[in-house]
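Here is the structure we will look at.
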Amino acid sequence: MRLVSLIAVALAATASAATAAPNLVVNGGFETGYIHSVQFNPAFHPTEGPTGWMTTSGDQAYNLYVDSATVTSQETITQSSEAGQYLPPTFTGASPNGGKFVILDGDPSYSGPLSQTINGLTVGKQYAVNFYWGGSELMSRAGPTTDYLQVSLGSASHDTVTLATPTHGFEGWFAQKFVYTATATSEALTFLSHGTPGGLPPVAVLDGVSVTAVTEPATWALLVAGFGLVGVVARRRRTVVVAA
């Protein structure tokens, strides 16, 4: 009985280690921040946008911080000639993460990255970047578009598939996961929208971002071995009872 108790404690500790990897992203769901004029960038509206995130695109990229409840309502963007719905009626609403999200300009002439410095990394360790995304265009434009996201952690980058949408179309929300190996204890996590054609603009939507350490294979091996040991003990106990 004592052996079984010890195994149970070991399994609980191992399972906890395997599932306790924290999300290193601040405000990955974009639920906190300030929205007034919707567009956010350092030159045009430097005090607005989601907490913990920044864009380095000056006043050119049309990156928007919106709420899923109002993204298709009629509004005028402050200090901008753009008016009307931000996303077309084909937009399916809140992401699986819910609430607020960002819209990233994919115009090849004006796109700007959205980034956050991720701290607490271990050099040489693998990290999974998970997020929800989709492709569309602003309602004030018309024409078929394409868009994909380039996702970087430090100097390493991965690209999503390229989404092709018809006029006022929407494709998403899609769950995406990329794995990176840390080369420094702090690295920039960056999302950059790449679209065609210019001047429309094509856009990507983004929400539910997380960065978590990938579970070590040795941890899973220990967990499996522990369950196997419990099985062996259980079989032995049954054998003893039968023999008695």
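Everything numeric here is computed off the predicted structure, so don't read it as measured data.
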* Shortest non-hydrogen contact from P197 to P202? -> O-CD, 3.3 Å

* **OG1 on T167 to CE on M139, rounded to 0.5 Å** => 10.5 Å

* **Separation between CG of L121 and CD of Q126, rounded to the nearest 0.5 Å** => 13.0 Å

* Can any side-chain N or O of Y65 pair as donor or acceptor with the backbone N or O of F30 at less than 3.5 Å? -> yes

* Asked: What heavy-atom pair brings S115 and T190 nearest, and what distance separates the two atoms?
  -> CB-OG1, 3.6 Å

* Applying the 4.5 Å side-chain criterion to the ILVMFWY set and letting contacts propagate, would F174 and V151 be lumped into a single cluster? -> yes

* Taking a hydrophobic cluster as the set of Ile, Leu, Val, Met, Phe, Trp and Tyr residues connected by side-chain heavy atoms closer than 4.5 Å, whether directly or through intermediates, do I118 and L192 fall within one such cluster? -> no

* Nearest atoms (heavy-atom pairs only) where K100 meets E31 -> N-OE2, 3.1 Å

* T212 OG1 to K177 NZ distance, which is reported to the nearest 0.5 Å -> 7.0 Å

* To do: Ignoring hydrogens and angles, state whether a donor on the side chain of T117 or S186 is under 3.5 Å from an acceptor on the partner side chain.
  => no

* To do: Determine yes or no for a side-chain-to-main-chain donor-acceptor pair under 3.5 angstrom, with W53 supplying the side chain and N27 the backbone.
  => yes

* Tell me, with the steps shown, if D207 and V102 meet side-chain contact (heavy atoms from CB on, under 4.5 Å). => CA-CA 7 Å; D207 202 2; V102 293; over 6 Å; no

* Any donor-acceptor pair under 3.5 Å from D107 side chain to P201 backbone -> no

* Measure the shortest side-chain to side-chain distance between L189 and V209 over non-hydrogen atoms and say whether it is less than 4.5 angstrom. => yes

* Asked: How about W133 and F191: are their ring centres within less than 6.0 Å of each other?
  -> no

* Asked: Under 3.5 Å, is there a donor-acceptor pair between the S193 and D105 side chains?
  -> no

* **Over all atoms of both residues, closest heavy-atom pair of G169 and P88** => O-CG, 3.8 Å

* Quick one: are T183 and V123 in side-chain contact, heavy atoms under 4.5 Å? -> no

* Please lay out, stage by stage, how T196 and T146 fare under the test side chain to side chain donor-acceptor pair (under 3.5 Å). => CA-CA 5 Å; T196 63; T146 69; 2.4 Å; yes

* To do: Start with the C-alpha distance between L87 and V203, add both sets of side-chain angles, then the distance that settles side-chain contact (heavy atoms from CB on, under 4.5 Å), and finish with yes or no.
  => CA-CA 9 Å; L87 292 179; V203 296; 4.1 Å; yes

* To do: Give the C-alpha distance, both sets of side-chain angles, the deciding distance and a yes or no for side-chain contact (heavy atoms from CB on, under 4.5 Å) between V161 and Y148.
  => CA-CA 6 Å; V161 298; Y148 71 91; over 6 Å; no

* Structure fact -> To the nearest 0.5 Å, atom CG of L114 lies from atom CG of N63 at 7.0 Å

* Looking only at side chains, do H168 and E137 share a donor and an acceptor under 3.5 Å apart? -> no

* **Under 3.5 Å donor-acceptor, H158 side chain and Q150 backbone** => no

* To the nearest 0.5 Å, what is the distance between CG (N23) and OG (S210)? -> 5.0 Å

* To do: Hey, could you give me the CG/OG1 distance between N119 and T185, rounded to the nearest 0.5 Å?
  => 7.5 Å

* Where does the angle between the aromatic ring planes of F131 and F178 fall among parallel (under 30°), tilted (30 to 60°) and perpendicular (over 60°)? -> tilted

* Can F170 be reached from Y86 by stepping across I, L, V, M, F, W or Y side chains whose heavy atoms are under 4.5 Å apart? -> yes

* Asked: Does the separation of the ring centres of F101 and F91 fall below 6.0 angstrom?
  -> yes

* To do: Indicate, with yes or no, if L24 and Y132 share a hydrophobic cluster defined by side-chain heavy-atom contacts under 4.5 Å among Ile, Leu, Val, Met, Phe, Trp and Tyr.
  => yes

* **Any donor-acceptor N/O pair, Q116 side chain to G52 backbone, under 3.5 Å** => yes

* Asked: Backbone N or O of A61 within a donor-acceptor pair of the Q39 side chain at under 3.5 Å?
  -> yes

* Indicate yes or no for a side-chain donor-acceptor contact from T55 to the backbone of P113 under 3.5 Å, with no hydrogens or angles considered. => yes

* Going through the checks in order, is the side-chain contact (heavy atoms from CB on, under 4.5 Å) test met by L163 and D147? -> CA-CA 5 Å; L163 299 177; D147 206 280; 5.5 Å; no

* Under 3.5 Å side-chain donor-acceptor pair for S152 and S157 -> yes

* Mind checking whether V179 and V129 have side chains closer than 4.5 Å, heavy atoms only? -> no

* **Side-chain donor or acceptor of Y127 paired with backbone N/O of T122 under 3.5 Å** => yes

